[in-house]
Undergrad: 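One structure follows; several queries about it will come next.
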Amino acid sequence: MEIEHDYQRILVPVDGSIQAELALKKAVTVAQQNHATIDLLNVLRINHYGFYASGSMPGDVIHELATDATSYLTSLVETTSAATGFKDLNIHVRFGNPKTVIAHEFVRDHGNDLIMLGATGMSAVARMVEGSVTAYVSRMADIDVFVVRTSVAGTPIDPKKLVQKNQEQPKF
C-alpha cells in the first residue's frame, strides 16, 4: 500500500474492536513509508456508562476507566512495536464524544494530517441509535480520513464474522 502524500502525524482512534486494531496495522505501514508519528487515541464517553444520583461519575470510577484504557493502549504499542519494529507511537486517553474529539478537538490539539480508522466498531443497533463515529469523522474532519475496510492482505472484511469477534473483545 503506497500512499503518495507526505503524512507526518497519523491519528488512529481505537475502541477495542478488530476493525480499529486493523486500522492500526495499516497505519504502521503508512507511517513507516512517511517517517510519521502515530497518535493512538482512546476516547472514553463517561456519560455512556450512566449517571449517578449526583449527576456525575465518581472520580475513582473515572480513574479506573482511564487506567484500563491506558493499559489497553500500552499493550497495543508493545505488541505493535514487537511485531513491526515501529516505535514512534504515542498514547492518548480523552473524555468526551468520540465523534467530535476525533474529527475536531484532537487533530486541532496535535496537528494530525491523517486519520486512519476502522469502518465501524459498533453493532448495527448501536450505529442506528448513536450514529457511526466513522461516518461522522469521514464527513466532518478537515484532514484526510482513511477508512480501513480490508484486511492487511487486502481482502474484504466479513462484517458477520467481525460481529462475533468484536463481542469477544474488551471495549474501551
Side-chain angles (χ1 to χ4, degrees), residues 1-45 66 68-122 126-127 130-159 162 165-166 169-172:
M1 167 179 41
E2 279 290 323
I3 304 288
E4 293 297 321
H5 191 280
D6 187 27
Y7 295 109
Q8 295 303 300
R9 281 198 84 94
I10 302 169
L11 170 59
V12 182
V14 293
D15 61 359
S17 68
I18 302 293
Q19 298 95 315
E21 293 180 17
L22 180 57
L24 173 59
K25 290 178 183 177
K26 288 193 171 191
V28 167
T29 301
V30 174
Q32 288 172 324
Q33 291 170 354
N34 288 276
H35 307 287
T37 298
I38 293 177
D39 289 310
L40 203 52
L41 172 66
N42 184 243
V43 181
L44 299 173
R45 294 180 56 158
D68 289 348
T70 302
S71 295
Y72 165 64
L73 293 171
T74 301
S75 170
L76 282 178
V77 167
E78 289 170 357
T79 56
T80 300
S81 294
T84 64
F86 185 77
K87 301 204 184 302
D88 203 356
L89 294 140
N90 302 305
I91 61 172
H92 307 271
V93 176
R94 288 270 181 111
F95 294 94
N97 181 329
K99 293 175 184 179
T100 57
V101 169
I102 295 165
H104 308 293
E105 298 164 19
F106 190 89
V107 296
R108 179 191 63 228
D109 295 346
H110 293 271
N112 300 92
D113 51 9
L114 175 64
I115 301 170
M116 292 186 71
L117 69 170
T120 180
M122 293 189 212
R127 280 193 310 276
E130 297 181 28
S132 168
V133 171
T134 301
Y136 178 89
V137 170
S138 64
R139 278 192 330 270
M140 302 304 291
D142 290 332
I143 62 172
D144 288 346
V145 177
F146 186 114
V147 179
V148 175
R149 299 181 187 280
T150 61
S151 70
V152 173
T155 58
I157 297 169
D158 182 347
L162 284 178
K165 286 183 180 181
N166 282 334
Q169 293 279 96
K171 295 293 175 255
F172 296 94

Undergrad: How many angstroms lie between CZ in Arg9 and CG in Asn34, if you round to the nearest 0.5 Å?
TA: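 Reported to 0.5 Å precision, the distance equals 14.0 Å.
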
Undergrad: Nearest 0.5 Å, what's the CD1-CE distance between Ile10 and Met116?
TA: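 These two atoms lie 6.5 Å from each other.
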
Undergrad: Which atom names give the shortest non-hydrogen contact between Ser138 and Ala135, and what distance separates them?
TA: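 Smallest interatomic distance, heavy atoms only, reads OG-O, 3.1 Å.
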
Undergrad: Can you tell me how far the OG atom of Ser71 sits from the CG atom of Leu76, to the nearest 0.5 Å?
TA: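 Ser71 atom OG to Leu76 atom CG measures 11.0 Å (nearest 0.5 Å).
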
Undergrad: Less than 4.5 Å apart, side chain to side chain, heavy atoms only: is that true for Phe106 and Val43?
TA: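 No, their side chains stay 4.5 Å or more apart.
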
Undergrad: Working to the nearest 0.5 angstrom, can you tell me the gap between His110 NE2 and Glu105 CD?
TA: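 Here the rounded value is 11.0 Å.
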
Undergrad: Return the CD to CG distance between Gln33 and Asp6, rounded to the nearest 0.5 Å.
TA: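 Nearest 0.5 Å value for the CD-CG distance: 11.5 Å.
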
Undergrad: Look at the side chain of Asp39 and the backbone N and O of Asn90, then say whether any donor-acceptor pair between them is shorter than 3.5 Å.
TA: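 Flag not set: sc Asp39 to bb Asn90 has no pair under 3.5 Å.
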
Undergrad: Do Ile38 and Phe86 touch side chain to side chain, with heavy atoms closer than 4.5 Å?
TA: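 A side-chain contact exists here, since the closest heavy-atom pair is under 4.5 Å.
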
Undergrad: Within the structure provided, determine whether Val101 and Phe95 are in side-chain contact (heavy-atom separation under 4.5 Å).
TA: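 Contact flag for Val101/Phe95 side chains = no.
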
Undergrad: What is the minimum heavy-atom distance between Ile115 and Ala141, and which atoms define it?
TA: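 In terms of heavy atoms, the two residues are closest at CD1-CB, 4.0 Å.
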
Undergrad: Side chains of Arg149 and Thr134, heavy atoms from C-beta outward: is any pair under 4.5 Å?
TA: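 Not in contact.
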
Undergrad: Would you give the length of the straight line joining atom CD of Gln8 to atom CG of Asn112, rounded to the nearest 0.5 angstrom?
TA: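 Gln8 CD to Asn112 CG: 11.5 Å, rounded to 0.5 Å.
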
Undergrad: Minimum heavy-atom separation for Ala20 and Val12, please, with both atom names.
TA: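 Nearest heavy atoms, Ala20 then Val12: O-CG1, 4.3 Å.
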
Undergrad: Quick check: closest heavy atoms across Gln19 and Ala119, and the distance to 0.1 Å?
TA: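 So the minimum-distance heavy-atom pair works out to CB-N, 4.3 Å.
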
Undergrad: Can you name the nearest heavy-atom pair linking Asp88 to Ala36, along with the distance?
TA: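 Shortest heavy-atom separation between Asp88 and Ala36 comes out as OD2-O, 3.8 Å.
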
Undergrad: Applying salt bridge (charged side-chain N to carboxylate O under 4.0 Å, His left out), name anything that partners Asp109, two or more places apart in sequence or on another chain.
TA: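 Asp109 satisfies salt bridge (charged side-chain N to carboxylate O under 4.0 Å, His left out) with Arg94 only.
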
Undergrad: Any non-hydrogen side-chain atom of Leu89 less than 4.5 Å from a side-chain atom of Leu24?
TA: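 They are in contact (side-chain heavy atoms under 4.5 Å apart), so the answer is yes.
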
Undergrad: Tell me which one of Leu40, Leu41, Asp68 satisfies side-chain contact (heavy atoms from CB on, under 4.5 Å) with Leu73.
TA: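 For Leu73, the side-chain contact (heavy atoms from CB on, under 4.5 Å) test succeeds with only one of Leu40, Leu41, Asp68, which is Leu40.
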
Undergrad: Check whether any side-chain heavy atom of Tyr7 lies under 4.5 Å from a side-chain heavy atom of Asp144, and answer yes or no.
TA: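 A side-chain contact under 4.5 Å exists here.
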
Undergrad: With a 4.5 Å heavy-atom cut-off, do Thr74 and Thr70 have their side chains touching?
TA: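 Touching, per the 4.5 Å side-chain cut-off.
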
Undergrad: What heavy-atom pair brings Val148 and Lys26 nearest, and what distance separates the two atoms?
TA: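 Heavy atoms of Val148 and Lys26 come nearest at CG1-CD, 3.7 Å.
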
